[in-house]
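Model, not experiment: these values are computed from the prediction. By convention in this document, chain letters (A, B, ...) are assigned in the order of the sequence lines, proteins followed by strands, and residues within each chain are numbered from 1.
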There are 2 protein chains.
Amino acid sequence: MKGIDQRVEAFEDQLRKAGLRMTQQRRLILRVLAQADDHPDAKGIFTRAFAHDPTLSLSTVYRTMKVLETQGAIERHAFEDGVSRYEHADQAHHDHLIDIETGAVVEFSSPEIEALQAKIAAELGYEIVRHRLELYGRKTRPARRKGVRKDA
Amino acid sequence: MKGIDQRVEAFEDQLRKAGLRMTQQRRLILRVLAQADDHPDAKGIFTRAFAHDPTLSLSTVYRTMKVLETQGAIERHAFEDGVSRYEHADQAHHDHLIDIETGAVVEFSSPEIEALQAKIAAELGYEIVRHRLELYGRKTRPARRKGVRKDA
DNA sequence: ATGCAGTTGCAAACGATTTGCGATAAATGC
DNA sequence: GCATTTATCGCAAATCGTTTGCAACTGCAT
């Protein structure tokens with residue numbers, strides 16, 4: 001497991017360079033995000049962080065998420081229900097498969113699909129700046145144990 | 001081009017079978033949707049319909065969109081800004097490419113991508129129920145001509 | 001025509017997110 | 001360390017898109 005503290009420190013420098021400050025609440029929220037293995041929304045992050053600092057406010061979470069996003073420290077996704085969910089951005093690009101029964105989110109990536117997207121866009125006279133690909137499905141049978149790679 | 005009136009009539013039957021009613025406002029909204037070549041949101045639909053019936057209310061638009069959606073008469077999409085946009089569903093499945101500069105929406109479809117999606121889901125032990133694929137991009141500049149250079 | 005739902009318009013309620021404001025606390029300089 | 005500047009915080013109020021309770025209304029089946 002990579003050092004959370006190191007990442008927080010690195011981010012602290014990044015903030016300073018932008019004329020921003022590393023506050024206790026930002027540190028706390030960063031830590032919560034680094035430890036999350038799911039895709040929590042603002043309220044979820046707030047709840048977890050609030051347990052460590054009962055003075056934290058929800059608006060600070062929202063404001064912090066915005067800062068972290070513009071700093072490139074996290075990614076924001078809005079799935080079907082419309083609420084923003086966050087995940088920290090130190091991982092490779094990937095898309096999401098959402099279990100419509102449990103709400104579980106599985107990450108995956110497909111260079112082939114990316115290539116096709118670029119090709120399609122080019123044919124339409126566009127270059128892709130970003131994209132959103134979400135699969136909504138339900139479990140068929142237990143996934144095979146071998147040969148299945150879900151990059152997380 | 002299929003007749004709008006015919007589609008409205010067909011839908012009227014469909015509604016009746018579901019124990020629902022074809023009201024003036026639903027007729028009007030359907031007409032507005034059938035004539036739309038873009039992906040208007042509730043307010044946009046309301047504005048256009050309101051011009052023909054100043055007694056119409058925005059909540060009726062929302063309620064109608066919900067009815068139309070569950071009846072399969074329209075599709076609802078929520079792009080990056082989060083607001084629901086609608087298009088009527090008498091066309092083949094397609095995904096969307098959104099021009100991040102103009103907001104224009106281009107439709108496209110790719111059987112190859114669909115196939116890949118199914119394959120990926122299967123590998124993860126899932127079957128796809130629906131998906132969302134949106135490309136956000138900008139128009140590529142037309143190829144430069146010799147000696148002609150537009151500085152930006 | 002009559003009557004029972006399904007529908008409507010209106011305003012109030014909603015839930016997620018944002019923002020104005022005075023108070024607080026990080027950086028910076030001394 | 002200690003003061004100074006100003007980014008940030010907590011809180012409550014404000015937005016915004018969308019939903020809903022309710023009383024009046026209107027399809028439409030009989």
Side-chain angles (χ1 to χ4, degrees), chain A residues 8-9 11-30 32 39-47 49-71 73-86 103, chain B residues 8-9 11-30 32 39-47 49-71 73-86 103:
Chain A
V8 172
E9 244 176 81
F11 185 66
E12 191 165 337
D13 292 340
Q14 188 183 334
L15 275 183
R16 288 229 185 75
K17 279 176 199 156
L20 303 177
R21 294 170 185 175
M22 174 54 77
T23 64
Q24 290 306 320
Q25 20 285 76
R26 283 179 186 168
R27 225 184 298 274
L28 173 55
I29 292 172
L30 271 174
V32 165
H39 297 67
D41 60 10
K43 197 172 294 180
I45 294 168
F46 170 70
T47 303
F50 188 83
H52 295 277
D53 174 5
T55 71
L56 183 69
S57 81
L58 180 56
S59 36
T60 293
V61 173
Y62 276 111
R63 277 193 270 235
T64 299
M65 300 325 284
K66 193 167 290 183
V67 170
L68 297 186
E69 191 188 357
T70 59
Q71 292 299 315
I74 62 167
E75 269 178 35
R76 181 165 51 84
H77 303 291
F79 300 142
E80 277 190 332
D81 61 5
V83 315
S84 292
R85 316 194 87 83
Y86 308 87
Chain B
V8 173
E9 244 177 83
F11 184 67
E12 190 165 340
D13 291 340
Q14 188 182 333
L15 276 183
R16 288 228 185 75
K17 279 175 198 155
L20 304 177
R21 293 170 185 174
M22 174 53 76
T23 64
Q24 289 306 319
Q25 21 285 75
R26 283 178 185 168
R27 225 184 299 274
L28 173 56
I29 291 172
L30 271 174
V32 166
H39 298 66
D41 61 8
K43 198 172 294 180
I45 294 168
F46 171 69
T47 303
F50 188 82
H52 295 278
D53 174 5
T55 70
L56 183 69
S57 79
L58 181 56
S59 37
T60 293
V61 173
Y62 276 111
R63 277 193 272 236
T64 299
M65 300 325 284
K66 193 167 291 181
V67 171
L68 297 186
E69 190 188 357
T70 58
Q71 291 300 315
I74 62 167
E75 269 178 36
R76 182 165 50 84
H77 303 290
F79 300 143
E80 277 191 333
D81 60 4
V83 316
S84 291
R85 316 194 87 83
Y86 308 87

(message) I want to check something: taking the side chain as every heavy atom from C-beta on, are B/Leu20 and B/Gln71 in contact at a cut-off of under 4.5 Å?
(response) yes
(message) Checking B/Leu28 against B/Gln24 for the side-chain contact (heavy atoms from CB on, under 4.5 Å) test, could you report, in this order, the C-alpha distance in whole Å, the side-chain angles of both residues, the deciding distance, and whether it holds?
(response) CA-CA 6 Å; B/Leu28 173 56; B/Gln24 289 306 319; over 6 Å; no
(message) I need the single residue from B/Thr64, B/Leu56, B/Ile29 that forms a side chain to side chain contact (heavy atoms under 4.5 Å, CB included) with B/Ile45. Which is it?
(response) B/Ile29
(request) May I ask you to decide whether A/Arg26 forms a salt bridge with A/Glu12, counting only side-chain N to carboxylate O separations under 4.0 Å? (result) no
(message) According to side-chain contact (heavy atoms from CB on, under 4.5 Å), who are the partners of A/Ser57, at least two apart in sequence or on a separate chain?
(response) A/Ser59, A/Thr60
(request) Report the residues that fulfil side-chain contact (heavy atoms from CB on, under 4.5 Å) with B/Glu75, sequence neighbours left out, ordered by chain and then residue number. (result) B/His77, B/Glu87, B/Ala89
(message) Report for the helix from C/dT18-D/dA13 to C/dC30-D/dG1: angle between first-end and last-end helix axes, five pairs each, rounded to 10 degrees.
(response) 30°
(request) Name the residue closer to the 5' end of DNA chain D, choosing between A/Asp53 and A/Gly19 according to the nucleotide with the nearest heavy atom. (result) A/Gly19
(request) To the nearest Å, give me how far apart CE (A/Met65) and C1' (D/dC9) are. (result) 17 Å
(message) Ignoring hydrogens, what is the shortest heavy-atom contact between B/Ile74 and B/Tyr86? Give both atom names and the distance.
(response) CD1-CD2, 3.6 Å
(message) What range of DNA chain C does chain A touch, first nucleotide to last, counting atoms under 4.0 Å from its heavy atoms?
(response) C/dA16 to C/dA27
(request) For nucleotides 18-29 of chain D, just jot down a letter per nucleotide in 5' to 3' order: B, S or -, based on protein non-hydrogen atoms under 4.0 Å. (result) BBBB----BBSS
(message) Looking at every heavy atom in both B/Ala73 and B/Phe11, which two are closest together, and how far apart are they?
(response) CB-CE1, 3.5 Å
(request) List in chain and number order the residues that pass ring pair (Phe, Tyr, Trp, His ring centres under 6.0 Å) with A/Phe46, two or more places apart in sequence or in another chain; answer none if no residue qualifies. (result) A/Phe50
(request) Give the intermediate values and the outcome of side-chain contact (heavy atoms from CB on, under 4.5 Å) for residues B/Leu15 and B/Val67. (result) CA-CA 9 Å; B/Leu15 276 183; B/Val67 171; 4.1 Å; yes
